[in-house]
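Okay, structure first, notes after.
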Protein chains: 2
Amino acid sequence: MTKNGTNPPHNRTRAEQKEQTRRAIVDAAFRMLSADHSYANLSLREVAREAGIAPTSFYRHFKDMDELGLTLVDEAGLMLRQLMRQARARIARGGGSVVRTSVETFMEFVDTNSNEFRLLLRERSGTSKAFRSAVQREMMHFIQELSDYIRQKTHSNHKSALWEADALVTIVFNAGADALDLPKAQREELSNKVIQQLRYVTRGAEAGRK
Amino acid sequence: MTKNGTNPPHNRTRAEQKEQTRRAIVDAAFRMLSADHSYANLSLREVAREAGIAPTSFYRHFKDMDELGLTLVDEAGLMLRQLMRQARARIARGGGSVVRTSVETFMEFVDTNSNEFRLLLRERSGTSKAFRSAVQREMMHFIQELSDYIRQKTHSNHKSALWEADALVTIVFNAGADALDLPKAQREELSNKVIQQLRYVTRGAEAGRK
DNA sequence: TATTTTAGTGAACAGCTGTTCGCAGGAAAA
DNA sequence: TTTTCCTGCGAACAGCTGTTCACTAAAATA
């Protein structure tokens with residue numbers, strides 16, 4: 001008998017059942033993240049408990065907490081990038097300021113997926129080199145996509161577009177971190193600050209181009 | 001008898017001895033920080049062992065690991081600010097570019113005091129609200145001093161100078177984090193990127209002024 | 001000198017951790 | 001049908017954790 005409440009393995013292929021348990025583990029891990037619980041101090045047993053399986057069953061799906069963690073980082077990074085792509089698509093179909101829309105989209109992600117964002121934020125400077133690299137990689141994708149967008153809009157050269165995108169992402173990401181500890185009321189003020197700071201960067205980069 | 005190797009308490013006042021042990025604890029804690037050991041997963045017993053005292057003795061000096069941690073954050077923040085003040089003083093006596101000198105000074109801090117920097121970096125997004133606030137406070141001091149400097153140099157208004165300083169510190173701090181995982185060879189390249197990005201910000205902010 | 005205060009101690013506690021092991025029982029393969 | 005494969009399990013292990021307690025001995029105070 002499975003402790004995992006939903007659907008005993010009757011009439012299900014092994015592959016289906018295995019995938020379902022794997023997802024239960026991943027979802028449980030995400031659910032356990034919060035302002036005062038980081039992935040780093042999350043134990044294998046806690047995850048197993050939340051997922052409704054025995055601690056030992058964990059090993060049937062991941063060899064390590066590290067392996068699970070890297071999965072989470074990938075999923076969170078993907079989630080974020082998809083959201084930003086949608087935002088750019090919306091803008092392309094003619095909707096408002098690029099900077100403002102991007103910032104608002106990002107802040108929405110931070111607000112509605114705080115735990116996923118916290119994961120990226122924390123593991124970026126965590127004690128596992130593998131985690132740090134994984135987050136770095138996600139951010140590099142993020143920066144690259146923005147850089148391409150800038151290059152297409154402004155015809156600036158590779159390096160300067162990349163550096164500009166890098167600065168923009170750094171500022172936005174940092175503001176997201178600040179937003180986590182801010183009451184809703186003060187977040188708009190934060191957004192205004194960020195938008196202004198991003199304008200500094202874009203204007204400064206533009207000035208360098210001509 | 002004290003396990004703490006140096007100087008048994010003969011011929012010393014209680015206050016002196018207590019202070020010495022307290023320092024031994026603080027220093028031990030700093031020594032234990034590294035790329036793969038954060039303050040968050042540092043145990044009271046590890047600190048005690050490194051300091052050469054019994055675990056129980058810890059409580060004679062700090063009621064918590066939290067209390068010790070906040071002390072470390074204060075010391076690290078102070079250290080950083082003092083260094084940057086020296087750098088500005090050096091610049092005032094007529095030495096080179098403000099931006100370049102500041103960046104190089106900061107990078108030197110990251111290089112020679114990696115563990116102190118890592119403490120600030122990590123606890124800024126850690127699981128303790130008190131820690132996050134403490135780091136935030138240190139960074140605010142840092143930003144404020146830079147903002148004053150900018151205002152004195154450029155006669156810009158309060159808010160824009162503050163926002164500019166905020167963006168500059170964000171970018172530099174972030175680059176410091178990146179530097180930690182980079183081999184020496186690639187750090188100069190990183191410095192060049194940062195310097196360029198800071199110029200974007202200062203130019204952009206200047207453009208907004210006129 | 002006699003008394004009180006206090007930094008430091010070792011033993012002991014319950015509670016948690018990751019991981020190994022052998023076993024069950026249903027799914028898949030022969 | 002018989003055999004093999006594999007997900008999930010409970011028991012058990014050693015090793016770590018924070019914290020309590022009653023004690024010592026030296027310094028400070030009376």
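All values reported here derive from a predicted model rather than from experimental measurement. Numbers restart at 1 for each chain; the letters A, B, ... are given by sequence-line order, proteins then strands.
- If A/Lys18 and A/Thr56 are placed on DNA chain D by their nearest nucleotide, the residue sitting closer to the 5' end is A/Lys18.
- Taking each heavy atom of B/Ile25 and B/Phe58 in turn, the nearest pair found is CG2-CE1, 4.0 Å.
- For A/Arg14 and D/dC5, a side-chain-to-base donor-acceptor distance below 3.5 Å is present, hydrogens and geometry of angles not being considered.
- A close approach under 4.0 Å does not occur between any side-chain nitrogen or oxygen of A/Arg22 and OP1 or OP2 of D/dG8.
- Side-chain to base pairing of A/Thr21 with D/dG8: no donor and acceptor N or O lie closer than 3.5 Å to each other.
- Residues B/Gln17 and B/Thr21 bring a donor and an acceptor atom of their side chains to less than 3.5 Å of each other.
- Under a 3.5 Å cut-off, the side chain of A/Arg118 and the backbone N or O of A/Leu33 do not form any donor-acceptor pair.
- Nearest nucleotide to the side chain of B/Ala54, out of C/dT9, C/dA27, D/dC9: C/dT9.
- In the set C/dT17, C/dG18, C/dG8, C/dG18 carries the atom at the smallest distance from any side-chain atom of A/Tyr59.
- Contacts of A/Glu46 with the nucleic acid, taken as non-hydrogen atoms under 4.0 Å apart, involve only primed sugar atoms and P, OP1 or OP2.
- Proximity of residues 28-43 of chain A to DNA chain D (heavy atom under 4.0 angstrom from any strand atom) is not detected for any residue.
- Residue side chain B/Arg60 does not reach the base of C/dT6 through any donor-acceptor N/O pair under 3.5 Å, judged by distance alone.
- Around the CD atom of A/Glu188, the shell of radius 6.0 Å holds no more than 12 heavy atoms that belong to other residues, nucleotides or ligands.
- In this structure, the side chains of A/His37 and A/Asn41 come closer than 4.5 Å at one or more pairs of heavy atoms.
- Within 6.0 Å of the CD atom in A/Gln152, the count of heavy atoms belonging to other residues, nucleotides or ligands exceeds 12.
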